Amino acid sequence: MPNLHRHDAEKFFIGNKGEKEPFPSIHDPPEKDLSVVVPAYNEETRLPIMMDEALEYLEKRQKQRPSFKYEVIVVDDGSSDKTTQVALNYSKKYGSDKVRVLTLVKNRGKGGAVRMGTLVSRGRTVLMADADGATKFEDLKNVEDGLESLKPWPDNLAISCGSRAHLEEESIAKRSMFRTFLMYGFHFLVWFLCVRGVKDTQCGFKLFTKEAAARTFTALHVDRWAFDVELLYIAQCLKIPIAEVAVNWMEIEGSKLVPFWSWLQMGQDLLFIRLRYLTGAWKIDTTGKLN
C-alpha cells in the first residue's frame with residue numbers, strides 16, 4: 001500500500017492569529033464547494049501571477065453567488081526559496097479560511113505534493129492546478145461542465161481532465177523532430193501500458209469529486225511526474241467515469257521538466273506502474289481511507 005506518512009510539522013497550517021492550527025481530513029464532511037490544490041516547488045517568481053488570477057476569479061464568482069465557498073491550498077514541496085512566504089502573504093490578505101499553506105519537510109515530487117494537499121482539502125470538488133498558471137483559471141468552468149456531463153455519478157465518483165490534445169498540431173509545428181518523437185513515444189507507452197481513452201494524461205488541471213479524490217489519492221504510489229498516469233489508471237480500475245475537456249494552455253518559462261531525462265524517467269515509471277500492479281507488488285486500496 002502507499003506510504004501516506006506525514007511529519008508532525010505537515011499536520012498544521014498557520015491561522016489568522018499566527019498560531020498553528022490542525023489541518024482537517026478529506027474524510028471530514030465538506031465545508032467548501034471547491035478546493036484548489038497548488039503544488040509549488042521553488043515557485044516564488046511564478047506563483048504570484050497564478051494566485052492573483054485564480055483568486056480574482058474565485059472572488060468574482062463569490063460576489064456573484066455569495067453562497068459559493070472556496071479554499072486554495074498551496075503545497076510548498078520542500079522549496080529552497082521563499083515559496084512558503086509568498087503563499088503566506090496571500091493567506092494573510094484573504095484569511096486562512098480561504099488560503100492555506102502546507103509546507104512539506106522535504107521534497108516529495110509533484111505527485112506527492114498534490115496528494116498531501118488533496119488529503120487535507122475541504123471541498124465537495126477538488127481541483128489540482130499548476131503553480132505556473134499555464135492553464136487559464138477561467139477554464140475551471142470547462143472542467144466543471146465536464147464533471148456535470150458525467151452525471152449521474154456512481155457513488156458520487158467522477159473526474160474531469162483538462163486537455164491540450166486539441167493544441168497538438170500547433171505544438172508539433174514548433175517542436176524539434178526529436179521532442180515530437182519523445183512525445184509520441186510517451187503517448188504510446190501510456191496507451192499500451194496504463195491508460196486508454198484519455199489523450200492528454202499530463203495536463204495539470206484536473207477536477208475531482210471529493211469521493212473520487214479520496215479513492216484515487218489514497219491509493220497513489222508515484223510521487224513524481226508520472227503520477228497523473230497512475231492516478232487515471234487507478235480511476236479506470238475502480239471504474240470511475242472520466243471526462244476529457246479542452247482547456248487553453250500556454251508555455252510558461254521556468255519549467256522544472258528537463259525534456260530528455262524527464263521523459264526517460266516517466267517512461268521508466270510507466271513500466272514500473274504496470275509491472276508492479278501486474279505482479280501484485282502494488283495494490284489498490286478500494287476503501288479510500290487513510291492509513
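Predicted model, so just to flag it, every value in this text is computed and none were measured.
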Could you go through the side chain to side chain contact (heavy atoms under 4.5 Å, CB included) check for Tyr70 and Asp33 one step at a time? CA-CA 6 Å; Tyr70 74 87; Asp33 296 295; over 6 Å; no
Let's go through Glu19 and Ile14 carefully: what are the C-alpha distance in whole Å and the side-chain angles of both, what is the deciding distance for side chain to side chain contact (heavy atoms under 4.5 Å, CB included) to 0.1 Å, and is it a yes or a no? CA-CA 6 Å; Glu19 297 178 352; Ile14 304 299; over 6 Å; no
What do the steps show when you test Ser79 against Thr84 for side chain to side chain contact (heavy atoms under 4.5 Å, CB included), and what is the final call? CA-CA 8 Å; Ser79 300; Thr84 286; over 6 Å; no
Give the intermediate values and the outcome of salt bridge (charged side-chain N to carboxylate O under 4.0 Å, His left out) for residues Glu148 and Lys151. CA-CA 6 Å; Glu148 286 293 312; Lys151 282 186 171 179; 3.3 Å; yes
Evaluate Ser25 against Leu119 for side chain to side chain contact (heavy atoms under 4.5 Å, CB included), listing each step before the verdict. CA-CA 6 Å; Ser25 165; Leu119 295 182; over 6 Å; no
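For the pair Arg61 and Phe68, the cation-pi test (distance below 6.0 Å, angle within 45°) is passed.
Separation of atoms OH (Tyr94) and CG (Leu58) is listed at 9.5 Å; rounding is to 0.5 Å. For the atom pair Ile73 CD1 and Leu127 CG, the distance stands at 11.5 Å (nearest 0.5 Å). From Lys106, atom NZ reaches atom NE2 of His7 across 5.5 Å, with rounding to the nearest 0.5 Å. With values rounded to the nearest 0.5 angstrom, Arg6 atom CZ is found 6.0 Å from Lys11 atom NZ. The distance from atom OG of Ser121 to atom CZ of Phe23, rounded to the nearest 0.5 Å, is 10.5 Å. To the nearest 0.5 Å, atom OG of residue Ser67 and atom CD of residue Gln62 are 9.0 Å apart.
Arg124 and Asn156 form no side-chain donor-acceptor contact under 3.5 Å, judged by distance and modelled atom types alone. No donor-acceptor contact under 3.5 angstrom links the side chains of Glu43 and Thr83, judged on distance only. Residues Ser96 and Ser91 bring no donor and acceptor atom of their side chains to less than 3.5 Å of each other.
Residues Glu10 and Arg108 have side chains in contact (heavy-atom distance under 4.5 Å, counting atoms from C-beta outward). Contact check for His221 versus Phe227: no side-chain heavy atoms found under the 4.5 Å cut-off. Contact check for Thr216 versus Ile240: side-chain heavy atoms found under the 4.5 Å cut-off. Looking only at side-chain heavy atoms (C-beta outward), Val72 and Arg100 stay at 4.5 Å or farther from each other. Two residues are said to be in side-chain contact when any heavy atoms from C-beta on lie closer than 4.5 Å; Val38 and Leu47 meet this criterion.
Between the Arg115 side chain and the Leu220 main chain, a donor and an acceptor come within less than 3.5 Å of each other. Between the side chain of Lys239 and the backbone N or O of Gln236 there is no donor-acceptor pair closer than 3.5 Å. No donor-acceptor pair closer than 3.5 Å links the side chain of Asn248 to the backbone N or O of Thr135. Glu138 places no side-chain N or O within donor-acceptor distance of the main-chain N or O of Tyr57, the cut-off being under 3.5 Å. For Asp145 (side chain) and Asn142 (main-chain N/O), no donor-acceptor pair under 3.5 Å exists by modelled atom type. Remark: side-chain polar atoms of Arg215 are not paired, donor with acceptor, to backbone N or O of Glu211 under 3.5 angstrom. With hydrogens and angles disregarded, no donor-acceptor distance shorter than 3.5 Å links the side chain of Glu31 to the backbone of Gly123. Judged by distance alone, with hydrogens and angles left aside, the side-chain atoms of Asp223 form no donor-acceptor pair with the main-chain N or O of Lys110 at under 3.5 Å. Between the side chain of Glu244 and the backbone N or O of Asp200 there is at least one donor-acceptor pair closer than 3.5 Å.
What you find for Val143 and Cys161 is that their closest heavy atoms are CG1-C, 4.3 Å. Taking each heavy atom of Asp28 and Lys210 in turn, the nearest pair found is O-NZ, 3.0 Å. The two atoms that bring Cys203 and Ser163 nearest to each other are SG-N, 4.3 Å, heavy atoms only. Residues Trp282 and Val222 share a closest heavy-atom pair of CH2-CG2, 3.9 Å. The two residues Leu150 and Pro241 come nearest to each other via the heavy atoms CD1-O, 3.6 Å. When every heavy atom of Ala213 is checked against every heavy atom of Thr118, the shortest pair comes out as CB-CG2, 3.8 Å.
When hydrophobic clusters are built by joining Ile, Leu, Val, Met, Phe, Trp and Tyr residues whose side-chain heavy atoms come closer than 4.5 Å, directly or via intermediates, Leu238 is grouped together with Ile159. In the hydrophobic clustering of ILVMFWY residues, with side-chain heavy atoms under 4.5 Å counting as a link, Leu34 and Val101 come out apart. The hydrophobic clustering, which links ILVMFWY residues whose side-chain heavy atoms are closer than 4.5 Å, places Ile284 and Leu157 together. Phe12 and Leu102 fall into different hydrophobic clusters, defined by Ile, Leu, Val, Met, Phe, Trp and Tyr side-chain heavy atoms under 4.5 Å apart, directly or through other members. Under the 4.5 Å side-chain heavy-atom criterion for Ile, Leu, Val, Met, Phe, Trp and Tyr, Val114 and Val105 are members of distinct hydrophobic clusters.
The pair Asp139-Lys136 does not count as a salt bridge, with every side-chain nitrogen at least 4.0 angstrom from each carboxylate oxygen.
Within a 6.0 Å radius of CG in Asp155, other residues, nucleotides and ligands contribute 12 heavy atoms or fewer. Within 6.0 Å of NZ in Lys98 there are more than 12 heavy atoms belonging to other residues, nucleotides or ligands.
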All N/O donor-acceptor pairs, side-chain side in residues 48-56, below 3.5 Å, sequence neighbours left out:
from: Asp52; atom 1: OD1; to: Tyr90; atom 2: OH; distance (Å): 2.8
from: Glu53; atom 1: OE2; to: Phe137; atom 2: N; distance (Å): 2.9

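Partner Phe217 forms a side-chain contact (heavy atoms from CB on, under 4.5 Å) with one of Leu231, Val126, Ile26 and no other, that one being Leu231.
Under the 30°/60° scheme for interplanar angles, the aromatic rings of Tyr233 and Tyr277 are found to be tilted.
For residues 67-90, the set of pairs meeting the salt bridge (Lys or Arg N to Asp or Glu O under 4.0 Å) definition, not counting sequence neighbours, comprises Glu71-Arg122.
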